[in-house]
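Written out below as structure tokens is the structure these notes cover.
In what follows, every chain begins at residue 1, and chains take the letters A, B, ... in the order their sequences are listed. Just the heavy atoms: all of them, side chains too, but no hydrogens, waters or symmetry mates, feed the values below.
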Amino acid sequence: MNTPKIAVIGAGPAGMAAAIEAARAGLTVHVYDENASPGGQIYRQPLAPMRSANGPAAGPESSRGKRLMEELRAAGSRVVLHQGAIVWGVFEERTLVVWENERSERVRPEALVLATGAYDRPVPIPGWTLPGVYTAGATQVLVKTQGVLPGQRVLVAGTGPLLPVVAGQLARAGARVVAVLEAASLRGAWRALPRLWGQWALIGDAFHYWRGLLAARIPYLRSRTVARIIGTEAVQAVVTVALDDAWRPLLDTEQTIDVDAVCLGFGFVPSTQLSQLCSCEHRYAPELGGWIPVTSAEMETTRPGVFAAGDATGAGGAMVAVLEGRIAGIAAAARLGALTPSEAAARMRPHQRALARLKWLREVLDDLTRIRDGLADLTTPDTVVCRCEEVTAADIREVLDEGTADMAQLKRMTRAGMGYCQGRMCGPALAALLARRTGGGMDAIPPLSIRPPVKPVPIEVMATLDEG
Amino acid sequence: MSQGKRVAQGIQRGERIEIEVDGERVEAFLGETVAAALIAAGRPILRRTDRSSAPRGLYCGIGVCFDCLVGIDGRPRVRACQTPVAPGMRVDTQGRLVQERWGQ
């Protein structure tokens with residue numbers, strides 16, 4: 001058993017920032033991250049020996065990532081990075097089980113920071129399982145860190161500020177982006193303008209990406225999305241449709257476009273598997289992506305000594321994640337006695353202030369692009385909802401017709417959520433289908449219950465747990 | 001058919017190598033994931049599903065969806081998006097190893 005003072009799970013913006021601040025307070029921090037190098041999704045580094053040459057896909061956020069990496073490096077040996085490590089369970093008293101180097105080990109820190117991030121919201125649309133349909137995140141990984149275009153003619157659809165970013169990256173790398181479809185009407189967007197005052201970094205980013213769209217003459221259409229994707233062995237075409245204000249598809253507005261790749265980005269779902277395993281209290285926040293752990297102003301969850309930061313506590317982007325990560329790192333260090341309460345308060349204050357300003361702006365932006373109920377109308381009876389177990393919407397409705405009224409029973413009856421991804425892909429859509437049937441809100445439907453291993457682990461690796 | 005392509009600008013690639021995909025030689029570069037190398041080679045189908053034999057490819061790209069599972073050097077169901085290529089690596093997109101082992 002390894003017993004570090006403090007452990008951080010996830011080495012994205014929030015995890016890096018938490019580790020930096022805890023190290024600055026004099027602690028040795030162990031960081032566990034699944035990827036080959038730190039950075040998370042937004043600051044993902046190419047795999048060695050491949051190197052980024054600051055090419056056309058690099059945006060203004062990459063310099064912020066570099067500065068954070070330099071801070072992490074400056075922390076030296078006080079930050080112990082465990083890359084390629086999967087935390088596959090949490091047991092009593094913050095005891096983590098980590099799969100690293102083909103073995104499992106128990107790790108029991110005195111303070112724990114969960115910075116597990118978020119993933120692209122899966123939205124079941126006919127044809128979305130075809131090769132050539134990528135999430136916005138997958139598209140960025142391919143273009144930015146692998147230098148591979150997903151296709152020659154690409155449609156980008158979904159919602160939120162990431163869409164023009166991805167489209168610009170694709171265009172600069174040489175793909176033809178046929179259009180960007182924003183599902184929201186963005187009516188009332190002017191309300192965000194006064195709140196933008198002072199957010200020069202965000203304004204700069206937005207300007208950079210809008211200029212990219214204009215330069216590449218990419219049409220940006222609002223109140224429109226993908227109705228279905230056509231192809232037998234891979235994507236051949238896409239049918240788009242206009243949406244009303246509730247995002248319900250409108251009759252006689254369909255249009256077919258030949259494409260060989262589709263990029264879908266409908267916002268993010270926070271990864272709460274580990275905070276659920278820690279028995280933290282969660283709340284439903286649709287504007288932040290769904291179920292999130294309840295946190296204090298110091299980013300502590302309802303379990304003492306367990307902190308959470310970044311997109312795992314509600315999708316808010318890298319700038320919010322870094323501020324929350326710093327606050328969590330400082331608070332955890334104070335909890336362990338490495339900082340006095342007044343030192344900690346003084347270190348936290350500027351980050352808390354910056355966070356309050358960013359959140360004020362995000363309230364408007366999140367409300368504009370919050371997922372509307374009508375989107376579920378795109379899921380036709382023969383649409384696959386659970387990609388792992390190939391369960392269709394019709395299969396699920398049949399079980400609902402028989403009177404199934406909760407997620408656990410729905411899972412047992414259909415196998416939806418029992419596959420390799422363990423419900424990460426179908427969970428939000430299952431909850432939406434169930435909510436429609438029960439007539440209650442999504443907040444009345446708790447997420448699928450989580451059990452270790454939270455990611456598939458080979459049995460021989462699991463079996464090493466009690467050695468040594 | 002989806003047409004992936006390598007971009008010249010913005011990336012310094014590692015050494016050019018060859019991997020074996022379903023018995024055929026495929027070009028790849030060190031530092032690429034198996035998924036990226038196959039997409040760049042115009043092979044977006046990474047597996048077929050157990051029940052309906054539907055084609056599947058890279059979807060989430062960050063190791064969450066488990067839809068890009070391929071056989072690699074005799075090990076079944078490995079995430080192509082999380083696995084770097086290596087010289088001479090043998091990739092199986094047809095689930096042959098699973099068929100041999102379980103007689104399906």
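- Crowding of R25(B) atom CZ: a count of heavy atoms from other residues, nucleotides or ligands under 6.0 Å not exceeding 12.
- Separating the NZ atom in K455(A) from the CZ atom in R79(B) is a distance of 5.5 Å, to the nearest 0.5 Å.
- Counting non-hydrogen atoms of other residues, nucleotides and ligands closer than 6.0 Å to CD of E15(B) gives a total of 12 or fewer.
- Proximity of a side-chain donor or acceptor of Q146(A) to a complementary backbone N or O of T33(B) within less than 3.5 Å is detected.
- To the nearest 0.5 Å, atom OG1 of residue T135(A) and atom CD1 of residue I62(B) are 6.5 Å apart.
- For chain A, the nearby parts of E32(B) are the backbone and the side chain; heavy atoms of each come within less than 4.5 Å.
- Using modelled atom types, no side-chain atom of R387(A) and backbone atom of F66(B) make a donor-acceptor pair closer than 3.5 Å.
- For R51(A), the CZ atom is loosely surrounded, since the number of other residues' heavy atoms within 6.0 Å does not exceed 12.
- Residue L46(B): no heavy atom, backbone or side chain, is found under 4.5 Å from chain A.
- Two residues are said to be in side-chain contact when any heavy atoms from C-beta on lie closer than 4.5 Å; V148(A) and V7(B) fail this criterion.
- By the 4.5 Å heavy-atom criterion applied to side chains, R56(B) and L130(A) are not counted as neighbours.
- Proximity to chain B is limited to the backbone of T145(A), based on heavy atoms less than 4.5 angstrom apart.
- In terms of heavy-atom pairs under 4.5 Å with chain B, the best-connected choice from G147(A), P458(A), A36(A), P456(A) is G147(A).
- Interface summary for chain A: among G14(B), P55(B), S52(B), A37(B), the most heavy-atom pairs under 4.5 angstrom belong to P55(B).
- Between I11(B) and M50(A), some side-chain heavy-atom pair lies under the 4.5 Å cut-off.
- At least one donor-acceptor pair under 3.5 Å links the side chain of R51(B) to the backbone N or O of E389(A).
- Put simply, SG on C421(A) and CG on D67(B) are 8.5 Å apart, with the number rounded to the nearest 0.5 Å.
- For a residue to count as touching a neighbouring chain, one of its non-hydrogen atoms must lie under 4.5 Å from one of that chain's; by this rule V384(A) touches chain B with the side chain only.
- Between I45(B) and E233(A), the closest side-chain pair of non-hydrogen atoms falls below 4.5 Å.
- Residue Y134(A) holds its OH atom at 12.5 Å from SG of C60(B), rounded to the nearest 0.5 Å.
- Using a 4.5 Å cut-off on side-chain heavy atoms (C-beta onward), P122(A) and Y59(B) make contact.
- Interface remark: R153(A) contributes no atoms to any contact with chain B (heavy atom separation under 4.5 Å).
- For T232(A), the part lying near chain B is the backbone, with the side chain staying farther off; criterion is any non-hydrogen pair under 4.5 Å.
- Here the closest non-hydrogen pair linking P44(B) and P131(A) is O-CB, 3.6 Å.
- For E34(A) against G63(B), the heavy-atom pair with the smallest separation is OE2-O, 4.4 Å.
- For R424(A), the part lying under 4.5 angstrom from a heavy atom of chain B is the side chain only.
- Annotation: side chain of L58(B) is in contact with side chain of L142(A) (closest heavy-atom distance under 4.5 Å).
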